[in-house]
Amino acid sequence: MNYRVLLASPVKQQEEILSEFLDSLTRLDKSQVELNFIFIDDHNDHSLLSRFALGQTNVRILPADTKSEYLCDESTHYWREELIWKVARYKDRFIKIALDEGYDYLFLVDSDLSLDPKTLTHLLSLGKKIVSEVFWTKWKPELIPLPQVWMEDQYTLYKSGREPLSEVEITQRTQEFLQMLSRPGTYKVGGLGACTLISQQALSRGVSFSEIYNLGLTGEDRHFCVRAVALGLELYADTHYPPFHIYRESELVKLQEYKGNLACAKPQVPVEAFGCTNSTDSTCTTRATGEKPINSDLPPEQSLYNRFQLHTLQTVNPSKITFSMLVHNESGRHLERVLKQAAEYIDHAVILDDASKDNTIELCQEILQGIPLTLHSNKEPLFHNEILLRKQLWEIAVSTHSEWIIILDADEMFEDDGPKQIRELLNHSSAVDYISFRLFDLWTENHYRDDLLWQAHKWYRPFIVRNIPDFQAKWQETPQHCGRFPKNITDLRGGTSPLRIKHLGWVRPQDRLAKYYRYKQLDPNGTYGNLEQYLSILDPSPNLVLWEK
């Protein structure tokens, strides 16, 4: 069945932000959809909408009312009553057009959103009369990200039932609501807006954004939601394909990371390589680890977080960080530098020594002096069967009961301001259970390698994981490139960080040569990795890109 959909937006927007919004509209999946666009150009000082409409028969641009000042800055957006009800009139105008022209759905989208291509077809598949796709925003820079949907009244993020609640009960119900929205699913809510699909059935019932004169709530979306429920309609929020909210111009940088994740998050077949290509029929696997980048498209029944109750989080030490690492004969390489940085932000260290014959153990003890240290040394080396080491390290790290576990190799470290950012990052990560970063293969102290076989820096993979009690770890059971974390952590709630990780293990020519011979010895046929990439380690003239701070 083909649906006729009218996508509508009143537009008063900065050119660069609007460009990203319009670009995302062109990328929408239109399977079984006849999609038309209608915009109100609210006195923009650029011609981007006109250029977008040029040569297209499915785009209309309508004139705006009298000009009004709309202010926004890097802190927040400033809405006056006059502006709110002007936008309400615009939206009601869209409703009338959708009804008059017999559209099956009206899709109202704010012009500072960048949509996932699957958003529209997915929302249509739900069969809901009114449903919004959820996105998360720091409404002020000092706040944590919060959704644009709510349960009651102005912006109450819990169901009160009109009963008096204690502060503890309010906190618990709010956490439950936010954690629910952090999992892929479709949920009944009390308020929504900004990215809303409205069916013809709801439109014909009389929904409207106009002011309800005896209602003191601020914002046209709230008056729409109250009226809709009063008309017997239900409101739903979906969390499978969250848009990116370009709430501030400075967030355009983070938008590129979001778009990069979309490009990689496809249901595909893994590439047996530790470099990634941008193939359309393969999932990007990471360099030499087997770890996969984020895929947020898991249905709710596959989310392992459903198995864990909120109270289990109390069995770990909140906000504590355990830093975990495998080491083997690291003296004279990068260990000292890596551990000195880690010592600036960790609460506990776990070191698993794989039968070193130099002073690696002594170095660890000296550099980490004053920090709780769990150090275990194997009598015989196990690196020929890496999966045994990874499982061993994981079990030791989990036993420290810190809330967060970071696993880095002895030649990996965050970029220079990492220690300052890690604490703040984790303090604002209540909605995720693992955090993914990009890893750059440095070929010199100031250059990283970038070619067809060396593209690890283009993809995100987990380096920090929440320690969830009773988590049943499942591993990729291969002797090499098995992944530093259990493979099923990506079934949890994930997020990304722009903070970069330096991989120093390729900087020194002697280390590159040693790694080449090690891979040739442990995986001579490229069974677990990529034989072509092993050979490329010795390339005398690799393509290098300057590391920019």
Side-chain angles (χ1 to χ4, degrees), residues 2-11 13-39 44 46-61 94 103-126 131-137 148 184 194-197 238-247 249 251-268 276-284 293-298 458-460 496:
N2 287 334
Y3 295 104
R4 294 187 69 238
V5 178
L6 180 64
L7 190 153
S9 182
V11 177
Q13 194 56 260
Q14 300 174 55
E15 186 171 8
E16 193 170 3
I17 293 175
L18 182 60
S19 176
E20 295 290 355
F21 167 68
L22 295 175
D23 179 68
S24 75
L25 300 189
T26 65
R27 299 175 187 276
L28 284 173
D29 179 10
K30 304 176 186 66
S31 303
Q32 295 185 317
V33 177
E34 178 190 326
L35 182 61
N36 292 300
F37 302 94
I38 187 167
F39 306 107
N44 290 282
H46 53 76
S47 60
L48 197 54
L49 282 176
S50 299
R51 282 181 276 152
F52 179 77
L54 193 64
Q56 298 194 68
T57 58
N58 65 335
V59 180
R60 278 180 283 176
I61 301 175
F94 293 144
Y103 281 92
D104 298 310
Y105 288 90
L106 173 65
F107 190 22
L108 293 173
V109 187
D110 282 5
S111 64
D112 57 359
L113 295 180
S114 179
L115 301 182
D116 185 303
K118 300 176 184 176
T119 304
L120 177 56
T121 51
H122 175 70
L123 291 178
L124 288 169
S125 73
L126 299 175
V131 59
S132 285
E133 194 65 30
V134 175
F135 56 85
W136 298 74
T137 304
Q148 96 288 6
C195 185
T196 306
L197 186 70
D238 183 81
T239 62
H240 285 89
Y241 299 103
F244 185 94
H245 192 193
I246 319 170
Y247 194 59
E249 191 172 11
E251 290 166 349
L252 286 164
V253 175
K254 295 180 181 178
L255 172 63
Q256 303 312 312
E257 299 163 13
Y258 168 85
K259 292 165 71 174
N261 286 340
L262 292 183
C264 200
K266 300 174 182 177
Q268 303 160 336
C276 269
T277 62
N278 199 17
S279 172
T280 58
D281 57 359
S282 60
T283 293
C284 294
I294 285 181
N295 184 341
S296 61
D297 300 342
L298 293 168
K458 295 184 178 180
W459 316 111
Y460 290 81
T496 62

Q | Test log, rule side-chain contact (heavy atoms from CB on, under 4.5 Å), inputs S24 and L113 | A | CA-CA 8 Å; S24 75; L113 295 180; over 6 Å; no
Q) Which atoms form the tightest heavy-atom contact between H245 and W136, and what is the distance? A) CB-O, 4.5 Å
Q: Taking all non-hydrogen atoms of both residues into account, name the closest pair between P242 and Y258 and its distance.
A: O-OH, 2.8 Å
Q: Check L28, T121, L35, N36 against V5 for a side chain to side chain contact (heavy atoms under 4.5 Å, CB included) and give me the one that passes.
A: L35
**Q.** Expected output: side-chain D112 to main-chain I17 donor-acceptor under 3.5 Å
**A.** no
Q) Does some side-chain heavy atom of H46 sit less than 4.5 Å from a side-chain heavy atom of E16? A) no
Q | Check against side-chain contact (heavy atoms from CB on, under 4.5 Å), K259 and D23 | A | CA-CA 11 Å; K259 292 165 71 174; D23 179 68; 3.9 Å; yes
Q: Measure the OH-CG distance between Y3 and L123 for me, rounded to the nearest 0.5 Å.
A: 12.0 Å
Q: Using a 4.5 Å cut-off on heavy atoms from C-beta on, say whether the side chain of F52 contacts that of T26.
A: yes
Q. Is there side-chain contact between K118 and D29, with at least one heavy-atom pair below 4.5 Å?
A. no
Q | Pairwise side-chain contact, V109 with F21, heavy-atom cut-off 4.5 Å (strictly under) | A | yes
Q: Could you check if a side-chain atom of K254 sits within less than 4.5 angstrom of a side-chain atom of F244, using non-hydrogen atoms only?
A: yes
Q | For the student: nearest non-hydrogen atoms of R60 and Y103, plus distance | A | NH2-OH, 3.9 Å
Q: Given side-chain contact (heavy atoms from CB on, under 4.5 Å), test L18 with L49 step by step and report yes or no.
A: CA-CA 9 Å; L18 182 60; L49 282 176; 4.2 Å; yes
Q) Are any side-chain N or O atoms of S125 and backbone N or O atoms of H122, one a donor and one an acceptor, separated by less than 3.5 Å? A) yes
Q: Anything under 30° is parallel, anything over 60° is perpendicular, the rest tilted; go ahead and classify F37 against F39.
A: parallel
(Q) Is any side-chain heavy atom of L197 closer than 4.5 Å to one of T119? (A) no
Q.
Quick check for you: to the nearest 0.5 Å, what is the distance between S114 atom OG and E251 atom CD?
A. 12.5 Å
**Q.** Non-hydrogen atoms of G260 and W459 that approach each other most closely
**A.** O-CZ3, 4.2 Å
(Q) Taking the basic N atoms (NZ, or NE/NH1/NH2) and the acidic carboxylate oxygens, is any pair closer than 4.0 Å for R51 and E15? (A) yes
Q.
Quick one, P243 and L115 - any side-chain contact, counting heavy atoms below 4.5 Å?
A. yes
Q) Rounded to the nearest 0.5 Å, how far apart are OH of Y105 and CG of L124? A) 6.0 Å
Q. From L22 CG over to R27 CZ, what is the distance, rounded to the nearest 0.5 angstrom?
A. 12.0 Å
Q: May I ask you to check whether Q13 and S111 show a side-chain donor-acceptor distance below 3.5 Å?
A: yes
**Q.** Any N2 side-chain heavy atom under 4.5 Å of D104 side chain
**A.** no
Q: Could you grab the distance from atom CG of D116 to atom CD of E133, nearest 0.5 Å is fine?
A: 8.0 Å
(Q) For the CG atom of L252 and the CD atom of E20, what is their distance to the nearest 0.5 Å? (A) 6.0 Å
